[in-house]
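Report on one structure; see the data block that follows.
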Amino acid sequence: QVQLVESGGGLVQAGGSLRLSCAASGGTLNNYRMGWFRRAPGKERELVAATSWSGGSTYYTDSVKGRFTFSRDNARGTVWLQMNSLKTEDTAVYYCAASQSIGVAYTADKYEYWGQGTQVTVSS
């Protein structure tokens, strides 16, 4: 079983950048596919980005393409979400999630392990 801890959230002005980290306790992320989700106030949780366990396949939701980058270091047990050109609509609690399986998972029910979330607030 893996425990995930996010960090890196905060308050930033529109157009700014943040880098979220998600560290897995207990070792590596080998064989884990990973996802970043977010939940904005009054909205449903949505998938922001996801990768296969190797990082060879990566998905981004349309609203973040070209602005967000998902990276991972399996040996270090850490994934990151680099968020550039932030917009007010990116304000949300961001969660990383993991699943010990191959391929990319696009829905929350495919992930077994979740972090506690980190708040991202983008001001205008």
Side-chain angles (χ1 to χ4, degrees):
Q1 187 170 353
V2 64
Q3 292 184 321
L4 305 173
V5 179
E6 301 101 335
S7 61
L11 173 64
V12 64
Q13 286 191 324
S17 298
L18 283 174
R19 190 191 196 201
L20 305 183
S21 299
C22 174
S25 64
T28 72
L29 285 173
N30 290 330
N31 302 318
Y32 285 88
R33 59 189 176 188
M34 301 295 297
W36 282 101
F37 289 78
R38 66 186 179 187
R39 187 191 296 273
K43 295 188 177 181
E44 296 288 324
R45 178 174 50 187
E46 67 167 339
L47 176 65
V48 176
T51 73
S52 58
W53 76 267
S54 67
S57 298
T58 305
Y59 162 86
Y60 297 96
T61 193
D62 286 345
S63 62
V64 309
K65 283 180 182 177
R67 301 189 298 122
F68 290 12
T69 303
F70 197 158
S71 58
R72 63 187 298 164
D73 184 329
N74 286 347
R76 292 175 58 184
T78 305
V79 300
W80 298 270
L81 186 68
Q82 178 67 43
M83 305 187 297
N84 297 329
S85 302
L86 282 161
K87 304 176 180 180
T88 55
E89 52 263 45
D90 294 318
T91 294
V93 178
Y94 284 71
Y95 301 87
C96 68
S99 171
Q100 197 167 16
S101 186
I102 62 173
V104 177
Y106 301 97
T107 57
D109 62 337
K110 297 295 193 295
Y111 293 89
E112 298 98 78
Y113 308 106
W114 292 81
Q116 83 287 353
T118 185
Q119 177 70 48
V120 171
T121 303
V122 184
S123 64
S124 58

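Given the structure is predicted, the values throughout are model-derived calculations rather than measurements.
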Is any side-chain heavy atom of [Y] closer than 4.5 Å to one of [X]?
| X | Y | value |
| --- | --- | --- |
| Asp73 | Trp80 | yes |
| Leu20 | Glu6 | no |
| Val48 | Met83 | no |

Exercise for review: Measure the spacing between CG of Asn74 and OG of Ser54 and express it to the nearest 0.5 Å.
Suggested key: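 Answer for the CG-OG pair, Asn74 versus Ser54, is 8.0 Å.
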Point to revise | Between CZ on residue Phe70 and OG1 on residue Thr58, distance to nearest 0.5 Å | key: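 Here the rounded value is 7.5 Å.
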At their closest point, which heavy atom of [X] faces which heavy atom of [Y], and how far apart are they?
| X | Y | answer |
| --- | --- | --- |
| Val93 | Gln119 | CG2-OE1, 3.2 Å |
| Tyr95 | Gly115 | CD2-O, 3.7 Å |
| Ala105 | Ala50 | O-CB, 3.6 Å |
| Leu86 | Arg67 | CA-NH1, 3.8 Å |
| Asn84 | Ser17 | OD1-OG, 2.9 Å |

**Study point:** side chain to side chain contact (heavy atoms under 4.5 Å, CB included), paired with Trp53, selected from Ile102, Leu29, Val104
**Key:**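 The passing option is Ile102.
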Review point. Only one of Tyr60, Phe37, Trp36 forms a side chain to side chain contact (heavy atoms under 4.5 Å, CB included) with Leu47, so which one is it?
Key: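 With Leu47 as partner, Tyr60, Phe37, Trp36 yield a single side chain to side chain contact (heavy atoms under 4.5 Å, CB included), made by Phe37.
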Do [X] and [Y] sit in the same hydrophobic cluster, where Ile, Leu, Val, Met, Phe, Trp and Tyr count as joined when their side-chain heavy atoms come under 4.5 Å apart?
| X | Y | answer |
| --- | --- | --- |
| Met34 | Val2 | yes |
| Leu81 | Leu4 | yes |
| Tyr111 | Tyr59 | yes |

**Study point:** Whether Arg72 side chain and Ser52 backbone form a donor-acceptor pair below 3.5 Å
**Key:**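 Checked: pair present.
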Check your understanding: Would a distance-only check, ignoring hydrogens and angles, find a side-chain to backbone donor-acceptor pair under 3.5 Å from Thr88 to Ser124?
Key ->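 No: the side chain of Thr88 does not pair with the backbone of Ser124.
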Practice item. Tell me, please, whether Trp114 has Arg45 positioned over its six-membered ring: NZ or CZ under 6.0 Å from the ring centre and within 45 degrees of its axis? Key: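 Output yes; distance and angle both within limits.
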**Study point:** Heavy-atom neighbours of Gln116 CD exceed 12 at 6.0 Å
**Key:**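 Counting neighbours around CD of Gln116, more than 12 heavy atoms of other residues, nucleotides or ligands fall under 6.0 Å, so yes.
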Check your understanding: Where does the angle between the aromatic ring planes of Phe68 and Tyr94 fall among parallel (under 30°), tilted (30 to 60°) and perpendicular (over 60°)?
Key ->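 The arrangement is tilted - the two ring planes meet at 30° to 60°.
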Exercise for review: Please lay out, stage by stage, how Arg38 and Thr91 fare under the test side-chain contact (heavy atoms from CB on, under 4.5 Å).
Suggested key: CA-CA 9 Å; Arg38 66 186 179 187; Thr91 294; over 6 Å; no
Practice item. Test side chain to side chain donor-acceptor pair (under 3.5 Å) on Ser99 and Glu112 and set out the steps. Key: CA-CA 5 Å; Ser99 171; Glu112 298 98 78; 2.8 Å; yes
Practice item. Please test Lys65 against Asp62 for salt bridge (Lys or Arg N to Asp or Glu O under 4.0 Å), starting from the C-alpha separation and ending with a verdict. Key: CA-CA 5 Å; Lys65 283 180 182 177; Asp62 286 345; 3.0 Å; yes
Exercise for review: Check the pair Leu11 / Ser123 against side-chain contact (heavy atoms from CB on, under 4.5 Å), numbers first and verdict last.
Suggested key: CA-CA 7 Å; Leu11 173 64; Ser123 64; 4.2 Å; yes
